[in-house]
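Just so you know, these numbers use all the heavy atoms, side chains as well, and skip hydrogens, waters and symmetry mates. Keep in mind that this is a model prediction, so the values were computed, not measured.
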2 protein chains.
Amino acid sequence: MNSLTEENYLKALFNIANETGEVNVNELSRRLQIKMPTVTSMMKKLAQKKLVHYESYKPLHLTEKGKKEAGLIIRKHRLTEMFLVDKMKFGWEDVHDIAEQIEHIQSVVFFEKMEELLGYPKVDPHGSPIPDRNGKVVWKDYSKLSDCKVGETVRLSAVINTSSEFLKFLNSREMRLGLKIRIRSIEPFDKSIIVSYGKRQAEVLSNVVCERLLVEKDA
Amino acid sequence: MNSLTEENYLKALFNIANETGEVNVNELSRRLQIKMPTVTSMMKKLAQKKLVHYESYKPLHLTEKGKKEAGLIIRKHRLTEMFLVDKMKFGWEDVHDIAEQIEHIQSVVFFEKMEELLGYPKVDPHGSPIPDRNGKVVWKDYSKLSDCKVGETVRLSAVINTSSEFLKFLNSREMRLGLKIRIRSIEPFDKSIIVSYGKRQAEVLSNVVCERLLVEKDA
DNA sequence: AGATTTTGTTAGACGAATCTAACTTATTAC
DNA sequence: GTAATAAGTTAGATTCGTCTAACAAAATCT
Ligand SMILES: [Mn+2]
Ligand SMILES: [Mn+2]
Ligand SMILES: [Mn+2]
Ligand SMILES: [Mn+2]
């Protein structure tokens, strides 16, 4: 149906919209590392296929059809990441690039089997929700760790912007999803915070790090 | 390095050479369902890349480099098939089409991990040998069941021409790799044979079937 | 408001992989 | 050994996804 190339555009449109609200040609170009004229012409093509609403100089929007197809690719991506971590024992920092390729495999049963073997997981190894069979995805309303107050105890539920470097940094601090974290103090000057978790009593986390950590306040 | 398209040509060249000795443009065209002029121009391209020896109107040959690269793709294909059967519980009749896609995934660790999880298997689910890390592959010298004599007891070791239909036929007769088979009689007229195995005492197998079953004489 | 910068579009080209139509070489049949 | 058929090549076109250069519109700065 859609080419691998088209799939990557759809996915980027979906993800950017989710992160920053509005999508424009420039941002899409930056994200996909593809020059703007190429992006413009692909948008016209996707518009013809009724996957994108396109008007010159206006922000880009996926149609409902486009959202669904994008959601289904992201579903395959996230199921794959979960499979690689759970069943193939990869680290969470090593799965994205492989999933980026496997998400394009055309085989319904392949991903159904994955899902079954995984026990119908709701989230991927980075805490992002796995879209359902219709491509629909719902984010829980997590808070950023950087928005929490002194004294609170929270649970690490997801990470934003899952670069390998960032995930390795978290590994080096023994931080993983599900971790219970207590906020001991916040430095007003640079908004760095001191937290305790596991066996670590006073770990300093910069604001840059805290803004990428999504937490749930414990019930 | 090589495109997905080039990889499929290399694999076909390798497989046809293995099956029928000589490869020509016509056969490659038939196998890949690609018209002859397209094949000719790809051969010129692969010749430039030193993967194929090409001379107009002459049979086609992979270079050593070409054999190695083809072997490595087939390695990925067969490891994948084994993984799908062993770890993901697919039937041997359902894995080829998925493997046809996954063989093109670019990730050394992905296939290393597969191999490790599988315990370094020597053959794929159809009994074909898995090439080593250098793309080298060695076939054991199996016999065709159709070449065996009355009274012999053999072990089913591999199947030739692994179409889904043929494998489903074998499933329906409860035939699988490793099965011990005794040859009870051979009908001279059509070379069909009567065999016994497992709980089946007198199963008729046509010559067409027997020519596709590779067996080892039991030690 | 006008100048400058950023963003986006148009036009034209290119490589990869495919095709069809026409022609050539090799093989097979008689 | 010539005629017919099959196999292979050449030439030219097409689609996809990409690019650069040039131009146009929108946003930002002073
Ligand atoms: Mn990912
Ligand atoms: Mn991708
Ligand atoms: Mn196969
Ligand atoms: Mn393939």
Next item on the list: Begin from the C-alpha positions of A:His126 and A:His96 and carry the test ring pair (Phe, Tyr, Trp, His ring centres under 6.0 Å) through to its verdict.
Entry: CA-CA 10 Å; A:His126 313 108; A:His96 180 80; 7.5 Å; no
Check: How do A:Pro37 and A:Met42 order along DNA chain D: which one's closest nucleotide is nearer the 5' end?
Finding: A:Met42
Item checked: A:Glu64 bridged to A:Lys67 by N-O distance under 4.0 Å -> yes
Note to self: How many whole angstroms separate atom CG of B:Asn2 from atom C1' of C:dA16?
What the structure shows: 14 Å
Check: Once you round it to whole Å, what is the distance between P of C:dC19 and CD1 of B:Ile34?
Finding: 6 Å
Polar-atom pairs under 3.5 Å, protein N or O versus N or O of nucleotides 5-8 of chain C: list them with distances, or write none.
| residue | atom | partner | partner atom | Å |
| --- | --- | --- | --- | --- |
| C:dT7 | OP2 | A:Asn26 | ND2 | 3.2 |
| C:dT7 | O5' | A:Asn26 | ND2 | 3.4 |
| C:dG8 | OP2 | A:Asn26 | N | 2.4 |

Notebook entry, point to check: Sequence neighbours excluded, which residues qualify as side chain to side chain donor-acceptor pair (under 3.5 Å) partners of A:Asn24?
Noted result: none
Note to self: In this structure, how many angstroms lie between the P atom of C:dA16 and the NZ atom of B:Lys44, rounded?
What the structure shows: 15 Å
Item checked: Candidate list B:Arg75, B:Lys76, B:Arg78, B:His77, test side-chain hydrogen bond (donor to acceptor under 3.5 Å, both in side chains), partner B:Glu103, passing option -> B:His77
Pair up each side-chain donor or acceptor in residues 161-169 of chain B with any protein partner under 3.5 Å, not counting sequence neighbours, and list the distances.
| residue | atom | partner | partner atom | Å |
| --- | --- | --- | --- | --- |
| B:Ser163 | OG | B:Phe166 | N | 3.2 |
| B:Ser164 | OG | B:Glu93 | O | 3.4 |

Note to self: Just to be sure I understand the rule, does B:Ser41 reach a base, reach only the sugar-phosphate, or reach nothing, if contact means heavy atoms closer than 4.0 Å?
What the structure shows: base
Next item on the list: Using whole Å, report how far CD of A:Glu22 lies from P of D:dA27.
Entry: 10 Å
Notebook entry, point to check: How many Å lie between CD on A:Glu6 and C1' on D:dT18, as a whole number?
Noted result: 14 Å
Margin query: Output the rounded distance in Å from CE (B:Met43) to P (C:dT18).
Written below: 11 Å
Margin query: Using whole Å, what does the distance between atom P of nucleotide D:dT9 and atom CG of B:Leu28 come to?
Written below: 11 Å
Check: So, are A:Lys11 and A:Glu100 salt-bridged, with charged N and O less than 4.0 Å apart?
Finding: yes
